[in-house]
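Below: one structure, written as structure tokens.
Because the structure is predicted, anything quoted here is derived from the model rather than measured.
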Amino acid sequence: MSFSTEDTDCCTRNCCGVSRPFTVRIIDNMGQEAITLERPLRCDSRCCPCCLQEIEVHAPPRVPVGYVTQTRHPCLPRFTVQNERREDALKIIGPCVGCSCCADVDFEIKSLDEETTVEAFTDADSFGIQLPLDLDVKMKAVMLGVCFLIDFTFF
């Protein structure tokens, strides 16, 4: 069983809210840090394109394996998943932000051309991610980062 811990202080959590910078460390069942997620301070306004959300994923610690960057869109939450060389690998598209009152919110993982749905995951108190078995292990770590980023950004 693994667990995660967020490294931020009380002042940052209270003053910056969902926009806060954070470091999340995912610990494996041996007590070793397996994945580190680094998110810089960002504005939570969709009207501010210079401050879109992003996260850097390290696995093992201090070795970047991928990035997730928010893509500007007027009403849909959209993200681009990148490999360790910052080359685009996948896209993530969520539903219209205002259309999720009291319901699960499904995000689709799509190919770069957005024609093929690779898999999907749902926002809730608990996340479930369904990933192809043949997906690179580094990309699987980055997809964990996506879950944290979406949870902190939208919910």
Side-chain angles (χ1 to χ4, degrees), residues 4 6-8 12-13 15-26 34-155:
S4 64
E6 178 184 350
D7 291 341
T8 54
T12 301
R13 284 191 300 273
C15 293
C16 299
V18 297
S19 302
R20 70 184 177 269
F22 64 74
T23 299
V24 170
R25 299 181 198 293
I26 300 174
I35 300 170
T36 305
L37 311 173
E38 298 273 346
R39 177 183 170 202
L41 177 65
R42 292 291 191 215
C43 176
D44 64 351
S45 172
R46 289 172 197 31
C47 302
C48 192
C50 62
C51 294
L52 296 174
Q53 300 299 318
E54 66 180 25
I55 197 165
E56 184 172 329
V57 180
H58 299 206
R62 293 172 289 290
V63 177
V65 296
Y67 305 84
V68 181
T69 58
Q70 186 177 16
T71 306
R72 186 163 188 217
H73 192 277
C75 60
L76 295 178
R78 298 174 65 104
F79 297 89
T80 301
V81 177
Q82 300 172 322
N83 65 19
E84 68 273 9
R85 295 177 304 282
R86 287 205 174 262
E87 298 166 338
D88 293 352
L90 297 166
K91 296 208 176 186
I92 297 176
I93 301 172
C96 183
V97 176
C99 300
S100 61
C101 184
C102 300
D104 284 346
V105 180
D106 294 327
F107 284 79
E108 292 184 314
I109 304 167
K110 294 196 167 269
S111 60
L112 288 177
D113 63 7
E114 297 183 20
E115 295 296 319
T116 306
T117 299
V118 176
E119 284 300 332
F121 61 94
T122 300
D123 168 71
D125 289 337
S126 298
F127 282 90
I129 307 174
Q130 298 171 344
L131 299 172
L133 292 174
D134 61 344
L135 186 64
D136 179 66
V137 69
K138 293 177 182 178
M139 281 294 109
K140 289 179 181 180
V142 176
M143 298 313 293
L144 275 173
V146 169
C147 284
F148 279 90
L149 183 62
I150 288 173
D151 187 39
F152 276 71
T153 303
F154 295 104
F155 307 101

Ring-face cation of R86 near Y67 (centre distance under 6.0 Å, axis angle within 45°): yes
Is there side-chain contact between T71 and L52, with at least one heavy-atom pair below 4.5 Å? no
Under the criterion side-chain contact (heavy atoms from CB on, under 4.5 Å), which of V24, L149, V68, V142 is the partner of L37? V24
Are V57 and L144 side-chain neighbours, meaning at least one heavy-atom pair lies under 4.5 Å? no
Verify side chain to side chain contact (heavy atoms under 4.5 Å, CB included) between K110 and I92, making sure each step is shown before the conclusion. CA-CA 6 Å; K110 294 196 167 269; I92 297 176; over 6 Å; no
Do L112 and K91 come within less than 4.5 Å of each other through their side chains, counting heavy atoms only? yes
Apply the test salt bridge (Lys or Arg N to Asp or Glu O under 4.0 Å) to residues E84 and K138: give CA-CA distance (whole Å), side-chain angles for both, the deciding distance (0.1 Å), then the verdict. CA-CA 9 Å; E84 68 273 9; K138 293 177 182 178; 3.8 Å; yes
As an exercise, state the distance from OG of S111 to CG of D88, rounded to the nearest 0.5 Å. 12.0 Å
Does a side-chain heavy-atom distance below 4.5 Å link H58 with V65? no
Is there a side chain to side chain contact (heavy atoms under 4.5 Å, CB included) between E6 and T23 once you walk through the steps? CA-CA 6 Å; E6 178 184 350; T23 299; over 6 Å; no
Any Q82 side-chain heavy atom under 4.5 Å of T69 side chain: yes
Are E54 and P40 packed together at the side-chain level, in the sense that at least one heavy-atom pair is separated by less than 4.5 angstrom? yes
Do P64 and E56 make a side-chain contact, defined as non-hydrogen atoms from C-beta onward lying under 4.5 Å apart? yes
From D7 atom CG to T36 atom OG1, the distance as rounded to the nearest 0.5 Å: 9.0 Å
Return the minimal non-hydrogen interatomic distance between F107 and P77, and the atom names on each side. CE2-CG, 3.8 Å
Identify which one of Q70, R72, E114 satisfies the side-chain contact (heavy atoms from CB on, under 4.5 Å) criterion when paired with R78. E114
Checking side chain to side chain contact (heavy atoms under 4.5 Å, CB included) for the pair V81/M143: CA distance, chi angles, key distance, verdict? CA-CA 8 Å; V81 177; M143 298 313 293; 4.1 Å; yes
Do the non-hydrogen side-chain atoms of F79 and I150 ever get within less than 4.5 Å of each other? yes
